[in-house]
Amino acid sequence: MSAPREAVIAVRGLGTRFGPQIVHQGLDLDLWRGEVLGVVGGSGSGKSVLLRTITGLNRPFAGSVRVFGTEVVGAPPEALAELETRWGVMFQDGALFSALTVRENVEVPLRAIAGLPDAIRRDLADLKIAMVGLPLEAGDKYPSELSGGMRKRAGLARALARDPELLFLDEPTAGLDPIGAAAFDRLLVDLSGALGLTVFLVTHDLDTLIATASRVAVLAEGRVLVEGTMEAMRTVDHPWVREYFQGPRARAAQASHEGRG
Amino acid sequence: MGEGFAITRGDDALLHLAGAFTLARIAEIDAELAAATAAMQKGAPSEAAPAPRGIDGSGVAVLDTAGAWAVLRALGRAGLGLEAARGFSPEQTRLLRTVADAMPRPVPAAPARSRLAETLERLGRAAEEIARLLRDLTAYLGLFVLRLGAAVARPRRLPVTALVHHCQQVGLNAVPIVVLMAFLIGVVLAFQGATQLRRFGADVFVVDLIAISVLRELGVLLTAIIVAGRTASAFTAQLGAMKMREEIDAMRTLAIDPAEALILPRVLALVITLPVLTLLANVAGLAGGALMAWIDLGISPAMFRTRLLETSVDHVTVGMLKAPVFAVVIGLIGCHAGMQVQGSTDSLGRLTSASVVRAIFAVILIDALFSIFYSEVGL
């Protein structure tokens, strides 16, 4: 890498806790423009908390979080609102508004744009719905009428509605069948390439990591234990990392990926 | 972001785009592109040479999906394909191709229907809805009676713990509000009745007024309305939340009958506690009336008692007989609405409020039917 890398997210010395329980302590993490960073870790290692802290939903007790060079911790609401137009977040089950149809859900972020006529907003929402691979009829349905996989796609469409530079994904393939999960992985690779996205991906899914992540960060013991490429992870000498990246499931995922590729 | 954009028509019959083509100004971009392509189409035939037409994007600094959408729309309007877009950077071309693949195909609009037809359809659906609700509630009544019969035949199957729990929830915890409400109603009745009756010198009949209206109607009716508001909504919310979390499906797979485990104890608890609450409301209403009669008319509690004992005991019977009927109706409406909840939180909220409205309406309707019945049989 010779070109100067631009840090989209720079986390330094982050500390978070819930009551007496410390989740992160002294956590450092960088996300460079254009990469897909897979964040992994055991249950309760604070992956989702990290995502929520970076997006300003959770306030840390120590450290700094800079996104696009703007400090998120203690940022005034206007600064946070400005940042929110530049990132999109997809929550675990899509977190769609249940009282709105899928199209109306995707239109919600577009409503913040002044002077956007209804017809264009509708067309752009339809475009995003089609881009995430949902049939056009899905736009008129309510979230409760969709399957889990379709809800996740709709959540992605809403996250992408304003063409963010940075995309946060929380367990995008959890609860999907292998075919649906693989299709989602492909969609993610296609879209992040075509739209030039930088992706912060929280996942458990080894197949997703292998298929999409350009770099992996392992959360354990309240900090980023190791980071690097998938290959580098296999040489790390730490019991959890070894178990995770060299266990039977990891070997199966790797084998199937090589078989496909 | 504040970058501008420019659309110019070159001599080569190409539209030259420059600047930022992004979501922020997409309405202007789309309008200007539409105007430019229209002009291009109009201008083309007059020129002698059939010039290659298309869009040149070499000056485009920023392009997002909205911008790509506008460019593709302009091409579509001019009857051109993706190949007529040139000069875009490789990344922008890739984006254009991705968006082109996803461009929504125009769908034929549904044929417009007359307003009358729509009104009639809505009316018909509403009527069907009511018919279905009545049928469902009848089915629930049957189910309740069936499970009650089974429980009576084999008392060990009766879920006693749940029954006691619900008796506390719907009965004991409702005592303060019911008693306070009935007491105040008694006070108001005595006060209003006294001012009217005093004009005829018939002050002492205020006792009859209070006794008959509280014992026959108000005690049971207002108690039932409060319980409908408190309990029908609680039943719907409890069962609805269980339905949403698939707990009820889980019960079925474990061979637990939801009607026996959930509906029977709730409705039975109401049947047991609503008459008790009504009795308390009657006592509180009479006490309130007696207090006000004493203060305002000087009718002593002893005199109040004497007059009270002279009124027919039928009034108490008439009032109390309604209580178990109201209880069954409120319980069944609440439980039925809970079981109708679908996956979304939206339907939970809608059905919770619907169950309260239905329960209160049903209570008042049945009270009216009771009045007709009692007057026919001469009670």
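Letters go in sequence order (proteins before strands), and every chain restarts at 1. Both backbone and side-chain heavy atoms feed into the values below; hydrogens, waters and symmetry mates do not.
- Annotation: side chain of Thr65(B) is not in contact with side chain of Leu160(A) (no heavy-atom distance under 4.5 Å).
- Only the side chain of Leu110(A) comes within contact range of chain B, with at least one heavy atom under 4.5 Å from a heavy atom of that chain.
- With a threshold of 4.5 angstrom between heavy atoms, Arg162(A) approaches chain B through its backbone and through its side chain.
- Within the 4.5 angstrom heavy-atom criterion, atoms from both the backbone and the side chain of Asp64(B) approach chain A.
- With chain B as the partner, the residue from Ala194(A), Gly133(A), Ser144(A) showing the most heavy-atom pairs under 4.5 Å is Ala194(A).
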| message | If you apply the rule side-chain contact (heavy atoms from CB on, under 4.5 Å), what do you find for Asp190(A) with Thr98(B), and how did you get there? | response | CA-CA 9 Å; Asp190(A) 288 349; Thr98(B) 307; over 6 Å; no
| task | Check step by step if side-chain contact (heavy atoms from CB on, under 4.5 Å) holds for Leu195(A) and Leu95(B). | result | CA-CA 6 Å; Leu195(A) 307 180; Leu95(B) 177 64; 3.1 Å; yes
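- Heavy atoms of other residues, nucleotides or ligands lying less than 6.0 angstrom from CD of Glu71(A) number more than 12.
- For Leu254(B), the CG atom counts as densely surrounded, since its 6.0 Å shell holds more than 12 non-hydrogen atoms of other residues, nucleotides or ligands.
- Distance NZ/Lys128(A) to CH2/Trp69(B): 11.0 Å, rounded to 0.5 Å.
- At a 4.5 Å heavy-atom cutoff, the contact between Arg73(B) and chain A is made by side-chain atoms alone.
- Within the 4.5 angstrom heavy-atom criterion, only backbone atoms of Ala161(A) (N, CA, C, O) approach chain B.
- We find the CD1-CG distance between Ile26(B) and Leu124(A) to be 6.0 Å, quoted to the nearest 0.5 Å.
- In this structure, Ala102(B) and Met131(A) approach most closely via the heavy-atom pair CB-CG, 3.3 Å.
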